[in-house]
Amino acid sequence: MQSANIEHIVIVGGGTAGWMTAAALANRLPQKLCRITLVESDVIGTVGVGESTIPHIRQFNQTLGIDEATFIKKTHATVKLGIKFNDWGNIGDSYFHPFGEHGEITQGIDFHQYWLKARSLGETYGLEQYSIAAMAGFAGKFPLSTSNKPTVFADYTYSYHIDASAYAAFLSDYAQQRGVQRIEGKVVKVNQHLNDFVQSITLESGQTIEGDLFIDCSGFKALLIDGTLNTPYLDWSQWLPTDSAVAAPCEHAPGDHSSSKGKIALQPYTQATARVSGWQWQIPLQHRIGNGHVFTSAFLSDQHATDILMNSLPGKALANPKILRFKAGRRQYSWQKNVVAIGLSSGFLEPLESTSIYLIQLGVSKLLELFPDKAFRQAEMNEYNRSICQQYELIRNFIILHFHVTKRNDSPFWDYCRNMAIPDELQHLLTLFAESGRTDLAQFGVWPAVCIGQNIIPQHYDARLDNIDAEQIKQLMANHRHKIQSMLATFPQADDYIQELLTRGTR
Ligand code: FAD
């Protein structure tokens with residue numbers, strides 16, 4: 001039997017999660033049917049980091065009808081083709097985890113298998129020499145031009161570095177223009193029905209706001225999902241032991257001003273440099289560089305972590321260093337009763353592969369797919385929780401991989417990471433890859449870059465390749481390299497791409 005529709009959604013929190021959720025819901029839900037209110041506290045503020053993204057954000061923006069030029073202008077964004085990892089497999093090593101695939105699947109066989117076979121034939125070219133994104137990234141170029149978009153670079157293969165606060169502000173305008181009501185105030189009490197469903201929230205001002213569906217975007221505070229419903233948090237810090245970060249933005253280095261049009265020449269990639277007890281990010285935006293040092297407090301003091309960061313900034317610091325604390329893990333259920341937790345209230349995986357904003361996007365799109373009525377069916381909640389859990393675990397294992405697969409032995413932190421027991425599923429995938437280079441379909445593309453980048457070279461290549469003549473394999477590999485080199489010559493500098501969009505202005 002059809003039940004009554006949700007008439008009022010209340011979102012608690014106005015960080016990236018709150019405003020992404022508000023914007024997506026306002027875009028997709030008919031206003032006549034359902035009102036949306038967002039409550040945020042200016043005094044509490046937001047976590048204020050989260051600047052590197054993965055390509056899915058483009059799909060999110062497209063669904064909302066956000067024009068790329070406007071987005072880039074409003075969020076001070078630059079383009080991102082992947083992540084350059086320094087000192088991970090060993091001090092002095094470096095590799096690029098590009099978006100998109102290396103080479104092309106030929107005759108149904110993954111490209112990295114061809115690379116392995118070519119290697120066995122004596123070829124010495126690195127895997128990244130077969131990636132358009134990596135090669136363009138190293139050259140500071142970008143594989144699209146605003147006027148003439150080559151089709152060789154598949155959709156979904158680039159992303160952005162953004163000012164996360166500016167993105168939240170932009171989405172706030174977007175959502176409010178589409179009817180979302182914003183209320184500034186601090187939630188001091190959460191009121192429940194007899195069946196424990198949330199009935200309303202009370203603000204410091206005394207105002208009470210009733211709702212049918214509540215979205216908890218209150219960040220690490222997790223006011224509703226934890227504070228009210230006591231949903232347990234599954235602690236994953238035995239596998240992801242970092243629990244702190246120190247962040248500080250800085251100016252661009254003077255040497256960066258060297259692009260063909262005299263503007264700032266920016267690296268179109270994030271840098272992740274392993275440090276003695278953690279790692280450091282570097283994220284170039286148009287007007288500054290975002291920097292942060294993720295570390296483990298059990299192995300490193302705040303002061304030492306801060307010194308490492310501040311002594312390695314590429315330009316003059318623009319703010320005092322800020323310390324953040326976190327615990328890796330996820331909420332056992334992201335959806336309980338009439339509360340859905342999205343963003344940091346639903347879990348935290350450290351930012352090594354820039355996946356948190358993607359998890360917000362996933363949370364909102366799954367909620368829309370399974371959007372409830374007032375009956376709140378348990379099977380729909382279970383399905384939501386199942387799919388969120390699946391993605392969290394997939395990403396968790398992938399991040400653990402980076403820390404575990406290392407030869408570094410220069411500190412207690414790396415000794416711990418190298419020797420720690422890892423989840424069974426990850427151990428299985430690691431053995432599979434180490435033996436024969438095979439990967440799970442869900443991990444396709446990302447595993448070869450990271451494993452090979454961190455010196456896990458599979459022992460065997462795909463046996464089907466022995467049906468192909470050795471010279472033919474060498475020729476195929478040479479063709480790939482030449483194709484990339486000739487395409488590179490036609491690509492614009494990454495910052496020229498940005499400048500071209502900026503001069504277009506807002507539509
Ligand atoms: P918050 O930003 O904390 O927002 C919480 C909101 O709730 C605020 O508006 C606050 O005012 C409100 N609130 C809280 N309590 C109350 C109350 N009582 N009353 C009213 N309002 C209240 N993600 C990426 O994708 N890429 C990255 O590169 C990346 N880097 C990160 C680096 C670090 C060190 C950390 C910690 C996170 C990083 N993240 C990254 C994650 C990213 O920052 C978050 O996923 C994102 O900012 C979403 O946060 P949020 O909106 O859930 O929480």
Side-chain angles (χ1 to χ4, degrees), residues 10-22 37-57 60 80 83 159-165 167-169 171-172 182-190 201-205 207 209 215-228 242-248 270-272 278-283 285 290-295 305 309 321-328 331 334 341-364 395 399:
V10 179
I11 301 169
V12 178
T16 311
W19 285 115
M20 281 181 80
T21 304
T37 302
L38 184 145
V39 180
E40 63 180 326
S41 160
D42 289 347
V43 177
I44 294 173
T46 64
V47 72
V49 279
E51 303 187 320
S52 190
T53 66
I54 60 173
H56 303 70
I57 193 172
F60 184 81
K80 173 181 170 188
I83 304 176
S159 157
Y160 310 102
H161 303 121
I162 58 168
D163 178 332
S165 304
Y167 188 45
L171 292 178
S172 168
R182 172 187 184 265
I183 298 178
E184 198 284 318
K186 185 176 173 188
V187 178
V188 289
K189 190 161 175 260
V190 180
I201 50 174
T202 303
L203 309 188
E204 209 167 32
S205 63
Q207 183 182 2
I209 303 164
I215 320 275
D216 188 345
C217 295
S218 64
F220 289 129
K221 292 203 164 60
L223 282 182
L224 309 181
I225 199 77
D226 183 18
T228 308
T242 61
D243 60 1
S244 308
V246 50
T270 300
Q271 287 211 66
W279 63 280
Q280 188 173 331
W281 77 74
Q282 200 182 96
I283 301 174
L285 302 182
N291 305 278
H293 180 191
V294 175
F295 62 99
L309 177 74
K322 177 180 165 189
I323 300 273
L324 299 118
R325 308 279 181 212
F326 46 80
K327 187 191 281 181
R331 202 62 58 191
S334 293
I342 294 180
L344 298 173
S345 59
S346 81
F348 184 77
L349 289 171
E350 66 148 278
L352 187 58
E353 284 283 349
S354 329
T355 41
S356 285
I357 291 176
Y358 160 70
L359 285 167
I360 295 172
Q361 189 182 337
L362 180 80
V364 190
I395 295 170
I399 296 176

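Counting starts at 1 for both ligands and their atoms, in listed order. Quantities reported herein were computed from a predicted structural model and do not represent experimental measurements.
- Using a 4.0 Å cut-off between heavy atoms, S41 contacts ligand 1 through both its backbone and its side chain.
- Within the 4.0 Å heavy-atom cutoff, F348 counts among the residues contacting ligand 1.
- The N/O atoms of V47, backbone and side chain alike, include one that comes under 3.5 Å of an N/O atom in ligand 1.
- In the vicinity of G185, heavy-atom distances shorter than 4.0 Å reach the ligand 1 atoms 19 (N), 20 (C).
- In summary, the atoms of ligand 1 found under 4.0 Å from a heavy atom of S354, numbered by their order in the structure, are 25 (O), 26 (N).
- Close approach of ligand 1 to A17 is summarised as follows: ligand atoms under 4.0 Å from at least one heavy atom of the residue are 48 (C), 50 (P), 51 (O), 52 (O).
- Of the polar atoms of V49, at least one N or O is found under 3.5 Å from an N or O of ligand 1, judged by distance alone.
- Taking every heavy atom of both residues into account, W281 and A247 meet most closely at CZ2-CB, 4.1 Å.
- For a threshold of 3.5 Å applied to N or O pairs, the pair formed by W281 and ligand 1 contains no separation below that value.
- Heavy atoms of V43 come nearer than 4.0 angstrom to ligand 1 in no pair at all.
- No side-chain donor from either of T53 and K80 sits under 3.5 Å from a side-chain acceptor of the other.
- Residue C217 approaches ligand 1 through these ligand atoms, each under 4.0 Å from one of its heavy atoms: 5 (C), 6 (C), 7 (O).
- On a distance-only criterion, L324 and ligand 1 share no N/O pair closer than 3.5 Å.
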